[in-house]
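See structure below.
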Amino acid sequence: MFHIPALTWTLTAVLLAGGACQLWQAYRSAHLTDRINNTLHALMNTLMAAMLWNLAPTTLLAQIGLLAGAALWFTIQAVARPEYKLLCAGTQGRIKCAYHALTMAAAALMITTMTHPGPDTPTAPTAGTPITMPMDHAHHAITTTPPTPATGTATALGHTPGILLTLLFATAAATFLILLLRTRTTPTHHTGTHQPPTRTQHALEALGATTMALMFATTA
């Protein structure tokens, strides 16, 4: 997927660190729904890190099924009736759950496309080997071979979602960064009830969105 090993290692470290923070938040959460949500995010980060190194390729369908189920779970929260207080409440909560559902679906899409060997790939990469995309070879093949209508359609369908998702996650990263900066300048009032670590959540969201934008940018 990436030609620069340092970039692959950096993204791996960021994903694993984010997953560890999500697990810590799941451990500290007082509500069952928050524990499930944070655990699902931690699992998604772990699967994305494993995808970078093509680990556990035999469990591909299970990984996609898990992420698809997580996307459905967040979708249910986003459209749940207001009386279900344990699920997403308020407009901001519903928008956030809808964004998380899209994130899980995008992760499933990335794992599906990046671990599926292309037509020019002679052999599948072995486990523990970073997934690479032979861009130079693909460009040479495109310039020397006249595209047919079928291949042109496939190329358009392959690049357009990547560009759209890159823009989406880049916008999300900027939004969460603005929220993080606003939170740092807003005084907080502690109460006896459990308050979620808003700054930490915004930082994790911004970091996760940036990582997703970068990964989709390389595929677009």
Side-chain angles (χ1 to χ4, degrees), residues 1-27 36-71 73-74 100-139 141 154-155 157-159 161-166 168-170 172-173 203-220:
M1 182 174 175
F2 301 104
H3 293 282
I4 306 175
L7 181 58
T8 304
W9 279 106
T10 301
L11 289 176
T12 302
V14 170
L15 288 169
L16 293 180
C21 291
Q22 294 288 355
L23 281 180
W24 176 248
Q25 287 196 359
Y27 173 76
I36 296 175
N37 293 346
N38 289 323
T39 301
L40 288 176
H41 281 292
L43 288 175
M44 186 200 75
N45 286 359
T46 303
L47 293 179
M48 296 291 286
M51 181 206 68
L52 293 176
W53 299 93
N54 194 38
L55 298 178
T58 57
T59 63
L60 178 61
L61 292 179
Q63 297 177 35
I64 297 173
L66 176 62
L67 292 173
W73 164 246
F74 282 108
H100 288 164
L102 181 60
T103 302
M104 294 294 174
L109 175 63
M110 180 176 294
I111 290 179
T112 303
T113 55
M114 296 310 299
T115 56
H116 181 71
D120 295 332
T121 305
T123 56
T126 57
T129 303
I131 299 176
T132 59
M133 183 179 298
M135 300 298 293
D136 297 336
H137 176 73
H139 177 72
T155 303
L157 291 176
H159 286 280
I163 295 174
L164 293 177
L165 289 172
T166 300
L168 172 67
F169 285 110
L204 288 174
E205 295 283 8
L207 190 61
T210 302
T211 303
M212 294 290 287
L214 179 60
M215 295 177 73
F216 274 109
T218 60
T219 62

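In this chain, residues are counted from 1 in sequence order.
Shown here are the side chain to side chain donor-acceptor pair (under 3.5 Å) partners of Thr59, two or more places apart in sequence or in another chain: Gln63.
Between Leu11 and Met48, every side-chain heavy-atom pair lies at or beyond the 4.5 Å cut-off. Taking the side chain as every heavy atom from C-beta outward, Thr103 and Phe169 approach each other to under 4.5 Å. Side-chain atoms of Trp53 and Thr8, non-hydrogen and from C-beta on, do get closer than 4.5 Å to each other. A heavy-atom distance below 4.5 Å is not found between the side chains of Met110 and Leu165. Looking only at side-chain heavy atoms (C-beta outward), Asn45 and Thr211 stay at 4.5 Å or farther from each other. Residues Leu168 and Phe216 are not in side-chain contact: their nearest non-hydrogen atoms beyond the backbone lie 4.5 Å or more apart. Considering only heavy atoms from C-beta on, Val14 stays 4.5 Å or farther from Thr210 through its side chain.
In this structure, Leu52 CG and Leu47 CG are separated by 11.5 Å, a value rounded to the nearest 0.5 Å. Note that the OG1 atom of Thr112 and the CE atom of Met51 stand 10.5 Å from one another [nearest 0.5 Å]. Between the OG1 atom of Thr46 and the CG atom of Leu23 there is a distance of 7.0 Å, given to the nearest 0.5 Å. With rounding to the nearest 0.5 Å, the separation of OG1 in Thr12 from CG in Leu7 is 9.0 Å.
When all heavy atoms are compared, the tightest approach of Ala26 to Thr39 is CB-OG1, 3.6 Å. Pairing each heavy atom of Ala217 with each of Thr166, the nearest pair is N-OG1, 3.2 Å. Contact detail for Met44 and Leu67: the closest heavy-atom pair is CG-CD2, 3.8 Å. The shortest non-hydrogen separation linking Ala213 to Ala170 is CB-N, 3.7 Å. Scanning all heavy atoms of the two residues, the minimum distance from Leu15 to Ala49 falls at CD1-N, 3.6 Å. The nearest pair of heavy atoms linking Ala42 to Gly19 is CB-O, 3.4 Å.
A donor-acceptor contact closer than 3.5 angstrom links the side chains of Trp73 and Asn37.
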